[in-house]
Amino acid sequence: MFDQIYRKAVLTVANNKSVEGLVRKQAWGVAQRFVAGETIDTAIAAVQDLHKQGILGNLDLLGEFVDTPEKANEFAEQILALLNAAEGKGFPIYASIKLSSVGQGLTVNGEDLGLTNARRILRRAKALGGFINLDMEDHPRVDITLAQFRTLVGEFGHDTVGTVLQSYLYRSEADRDSLDDLKPNLRIVKGAYLEPATVAMPNKADVDAAYRKLVYAHLKAGNYCNVATHDESIIQDVKHFAIAHGIPKSQYEFQMLYGIRRDLQKSLADEGFTVRAYIPYGPDWYGYFSRRIAERPANVLFVVKGMLKG
Ligand SMILES: Cc1cc2nc3c(=O)[nH]c(=O)nc-3n(C[C@H](O)[C@H](O)[C@H](O)COP(=O)(O)OP(=O)(O)OC[C@H]3O[C@@H](n4cnc5c(N)ncnc54)[C@H](O)[C@@H]3O)c2cc1C
């Protein structure tokens with residue numbers, strides 16, 4: 001309950017325009033811990049850096065409130081530019097996209113623009129041997145995202161496109177079951193949005209229990225699972241579950257956010273697990289940054305200290 005109140009308070013303050021102005025000006029130094037710069041080149045350099053430590057990258061161009069077809073097409077072009085720039089740089093091409101950023105919900109020529117642009121991006125990714133993950137956003141988008149995921153797996157295959165389920169949503173267990181026929185590559189997360197108690201579990205212990213259940217069910221069904229969490233007790237439990245059920249390390253990986261629990265990312269990689277860091281970049285970093293701050297009280301102090309240092 002405290003978690004919820006704290007998260008809501010931080011996000012409410014962060015969404016205030018004058019706070020945004022102040023933080024944007026003062027906190028870029030701090031934000032760089034969580035965001036790999038504003039350009040494609042800085043993002044690629046961050047992946048190369050992690051690659052040297054045995055950690056893979058998952059690139060994410062940040063962008064929110066894309067509300068016109070022109071902005072959505074421009075955003076898709078920037079993702080295509082990223083894929084092209086990443087070709088031949090010595091690491092596997094892997095990126096995440098939010099369908100809302102490329103036009104989901106906007107109809108152009110009788111088709112959802114998010115789907116049209118996702119196809120363009122996937123065509124290029126497939127040609128480069130890359131992988132694209134469709135991030136999961138707030139709950140009104142789950143139905144359309146899963147429907148579009150189903151269409152895209154049919155066209156490009158489960159080794160080119162994956163998506164995400166959020167354990168805080170009551171519906172996710174049934175969603176996972178319903179996707180099983182696709183043998184989907186799924187990332188399991190707890191969920192990052194402020195959701196009403198009618199759709200999402202308000203109690204953290206329930207969200208954690210649902211998380212374990214989703215991962216175990218997905219692994220037992222023989223599918224590839226991206227265990228995306230910084231929760232050490234869950235990570236330990238997943239390792240034990242995999243050993244107990246004879247699930248090989250090649251059937252799952254651990255994913256964490258860039259700049260968070262770097263020690264844990266490194267130690268898992270050293271143990272021989274596939275570890276992938278989610279690397280956000282781009283000029284539109286503020287919304288992402290405030291969500292990371294809202295996740296943990298200690299991060300607010302970290303920001304304030306950074307701002308005082310100038
Ligand atoms: C690779 C990846 C992809 C994601 N994709 C999505 C997505 O598509 N849709 C979506 O809704 N959510 C996504 N998320 C966010 C996710 O839903 C959670 O909000 C976030 O991961 C925090 O939950 P946790 O699993 O780490 O567990 P928690 O129980 O929140 O935290 C576990 C431990 O990690 C530490 N920790 C957690 N967050 C931070 C932080 N910001 N700074 C420092 N320490 C921290 C905590 O202090 C605690 O000790 C993603 C997360 C990851 C790692």
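Sequence positions, counted from 1, serve as the residue numbers for this chain. Just so we're clear, the structure is a prediction, and the values are computed from it rather than from any experiment.
For Glu195, the CD atom sits in a packed shell: over 12 heavy atoms of surrounding residues, nucleotides or ligands are nearer than 6.0 Å. Counting non-hydrogen atoms of neighbouring residues, nucleotides and ligands closer than 6.0 angstrom, the NZ atom of Lys220 reaches no more than 12 such neighbours. Residue Asn109 places its CG atom among 12 or fewer non-hydrogen atoms of other residues, nucleotides or ligands, all under 6.0 Å distant.
With hydrogens and angles disregarded, no donor-acceptor distance shorter than 3.5 Å links the side chain of Asn226 to the backbone of Ala228. Side chain of Arg33 to backbone of Gly259: a donor-acceptor contact under 3.5 angstrom is found. Remark: side-chain polar atoms of Ser172 are not paired, donor with acceptor, to backbone N or O of Tyr168 under 3.5 angstrom. Not one N or O on the side chain of His218 forms a donor-acceptor pair closer than 3.5 Å with the backbone of Lys213. In this structure, the side chain of Asp231 engages the main chain of Ser233 through a donor-acceptor pair within 3.5 Å. No side-chain donor-acceptor contact under 3.5 Å links Lys52 to the backbone of Gln48. In this structure, Gln265 contributes its side chain and Ile260 its backbone to a donor-acceptor pair below 3.5 Å. A distance-only check finds a donor-acceptor pair linking the side chain of Gln166 to the backbone of Glu137 [under 3.5 Å]. In this structure, the side chain of His158 engages the main chain of Lys183 through a donor-acceptor pair within 3.5 Å.
Looking only at atom types and distance, the side chain of Tyr278 has a donor-acceptor partner in the side chain of Asp60 under 3.5 Å away. Side-chain atoms of Asp143 and Thr145 form no donor-acceptor pair, as typed in the model, at a separation below 3.5 Å. Under 3.5 Å, the side chains of Gln236 and Glu232 contain no donor-acceptor pair of N or O atoms. Between the side chains of Asn133 and Asn58, not a single donor N or O lies within less than 3.5 Å of an accepting N or O. A donor atom on one side chain and an acceptor atom on the other are not found under 3.5 Å apart for Gln104 and Asp112. Side-chain contact of Asn73 with Asn117: a donor-acceptor pair under 3.5 Å is present, judged by distance alone. For the residue pair Arg176 / Ser167, no side-chain donor-acceptor distance below 3.5 Å is found, with atom types taken as modelled.
The pair Arg150-Asp181 counts as a salt bridge, with a side-chain nitrogen and a carboxylate oxygen less than 4.0 angstrom apart. In summary, Arg212 and Asp208 do not engage in a salt bridge, as defined by a charged side-chain N under 4.0 Å from a carboxylate O. Here Glu155 does not pair with Lys126 in a salt bridge; the nearest charged N to carboxylate O distance is not below 4.0 Å. Looking at Arg187 and Glu253, no side-chain N of the basic residue comes within less than 4.0 Å of a carboxylate O on the acidic one, giving no salt bridge.
Partner of Val102 under the side-chain contact (heavy atoms from CB on, under 4.5 Å) criterion, chosen from Ile79, Leu115, Val66, Leu113: Ile79.
Counting only heavy atoms from C-beta outward, the side chains of Phe273 and Lys249 approach each other to under 4.5 Å.
In this structure, Phe254 has its ring center closer than 6.0 angstrom to the ring center of Tyr252.
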